[in-house]
Amino acid sequence: MIRRLAPSVLNADLAQLADQVRLVEDAADWIHLDVMDGHFVPNLTFGPPVVAALRPHTGHYLDCHLMVEDPEALLPALAEGGANGVSMHVEPLDDPGRALDAAADLGLDAGLAVKPGTPLDTVLPFLDRLDLVLTMTVEPGFGGQAFDDGVLPKIAAARRAIAASGREVALQVDGGVNAATVPRCLQAGADTFVVGTGIFHADDPAAAAKAFRELIAGGAG
Ligand code: DX5
Ligand code: ZN
C-alpha cells in the first residue's frame, strides 16, 4: 500500500503560498488545498484561480478538497488550472456518480469525502469509479480541531471495502491528524494523511513535515 503525506496549506501563511509549499515539498507527496465556499462550511478560502496561480510553482500533485455546495461547477476551472485530484463532499451531491464521471472526463482523479457523521454507505456504491475516499476526522471548515476517534471504525470499514474491491483507492484522513493520532489512523487502514496545523503551525514546518513522513512510513498498518 502506498502511503502519502498531504500537507494542508489552510493554516499556512497564504500570502506566501508558493514559498510555504516549497518548505514542505521534500517531505510531501501531495499538496492539499481546501476550497471552501462559506455555504457548505462556514469558512471561505480560495478557488480555482488560486490553484492555477500555484500550479507553476510546484510539480507536486495538487489534491483539492472541495467543501462547497456545488463542486461540479468548479471542475472545469480546476482541471484547466492544473489540479490533479478532487474530493467532493457527498452530502450536497444529488448525483455523485455524475459528478465523479464529470471529474474523470476532465482528467481529474475523483474522490468522495464524508463528514464524521455521514455513513460510509453513501460512497460505497461508487467504489468502482473512485480514486479516493476521504473520511473527515473533524467537522470540515477549520484547521486545528481535535481528532474524532469515533470515525476510526468507519475508516476500518472503508479499508475492508477497498480491499474487497481489488481497486487502488486512496483512503485519506483529514482533521486533527498529529503524532498521537497517526498511529490510530494507520491501524484503521488509512494510507493518505492530511496534516495542516501540525506542520504549518510548527516552529519549523519543513522539519515537522519530515517527521510526519517518517512516522507515516514507519508505522504499522
Ligand atoms: C478542515 C480542512 C483540513 C485542515 C486540517 O476542514 O479540510 O484540511 O487544514 O487541519 P488540521 O490538520 O489542523 O486539523
Ligand atoms: Zn481538507
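Counting starts at 1 for both ligands and their atoms, following the listed order.
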* Spell out, as yes or no, whether a donor-acceptor pair under 3.5 Å connects the side chain of R4 to the backbone of D29. => no
* Asked: At the 4.0 Å heavy-atom cut-off, does V194 count as touching ligand 1?
  -> yes
* Asked: Do any N/O atoms on N11 end up under 3.5 angstrom from N/O atoms on ligand 1?
  -> no
* To the nearest 10 degrees, how large is the angle at the Zn ion (ligand 2) between H65 ND1 and H32 NE2? -> 100°
* Asked: How does L10 reach ligand 1, if at all, at less than 4.0 Å between non-hydrogen atoms: by side chain, backbone, both, or neither?
  -> side chain
* Structure fact -> Angle subtended at the Zn ion (ligand 2) by D34 OD1 and D174 OD2, to the nearest 10 degrees, is 170°
* To do: Indicate yes or no: does an N/O atom of G175 lie under 3.5 Å from an N/O atom of ligand 1?
  => no
* Any idea how Y61 and W30 line up, ring-wise: parallel (<30°), tilted (30 to 60°), or perpendicular (>60°)? -> parallel
* Are any of the N or O atoms of G196 closer than 3.5 Å to those of ligand 1? -> yes
* **Where ligand 1 meets P140 - atom numbers and elements under 4.0 angstrom, heavy-atom basis** => 6 (O)
* Of the choices I199, D174, N43, D63, which has the non-hydrogen atom that lies closest to atom 8 (O) of ligand 1? -> D174
* Asked: Are any of the N/O atoms in S8 less than 3.5 Å from those in ligand 1?
  -> yes
* Asked: Under the salt bridge (Lys or Arg N to Asp or Glu O under 4.0 Å) criterion, do D101 and R98 qualify, and how do the steps go?
  -> CA-CA 5 Å; D101 288 346; R98 186 189 66 211; over 6 Å; no
* Asked: Within less than 4.0 angstrom of ligand 1, does G141 place any heavy atom?
  -> yes
* **T45 side chain vs D34 backbone, donor-acceptor pair below 3.5 Å** => yes
* Any idea which atoms of ligand 1 are less than 4.0 Å away from a heavy-atom of G143? -> 10 (O), 13 (O)
* Asked: Between the main-chain N or O of E91 and the side-chain N or O of K115, is there a donor-acceptor pair closer than 3.5 Å?
  -> no
* To do: Show which atoms of ligand 1 fall inside a sub-4.0 Å distance from at least one heavy-atom site of H32.
  => 8 (O)
* Asked: Taking atom types as modelled and ignoring hydrogens, do the side chains of H65 and D63 form a donor-acceptor contact shorter than 3.5 angstrom?
  -> no
* Asked: Any donor-acceptor pair under 3.5 Å linking the side chain of Q145 with the backbone of E139?
  -> yes
* N/O separation below 3.5 Å, V195 to ligand 1 -> no
* Does D174 use its side chain to pair, donor to acceptor, with the backbone of V194 at less than 3.5 Å? -> no
* Under 3.5 Å, N or O to N or O, is M67 touching ligand 1 that way? -> no
* Element-labelled atoms of ligand 1 that are located less than 4.0 Å from some non-hydrogen atom of H65 -> 7 (O)
* Have N11 and T197 got a donor and an acceptor in their side chains that come within less than 3.5 Å? -> no
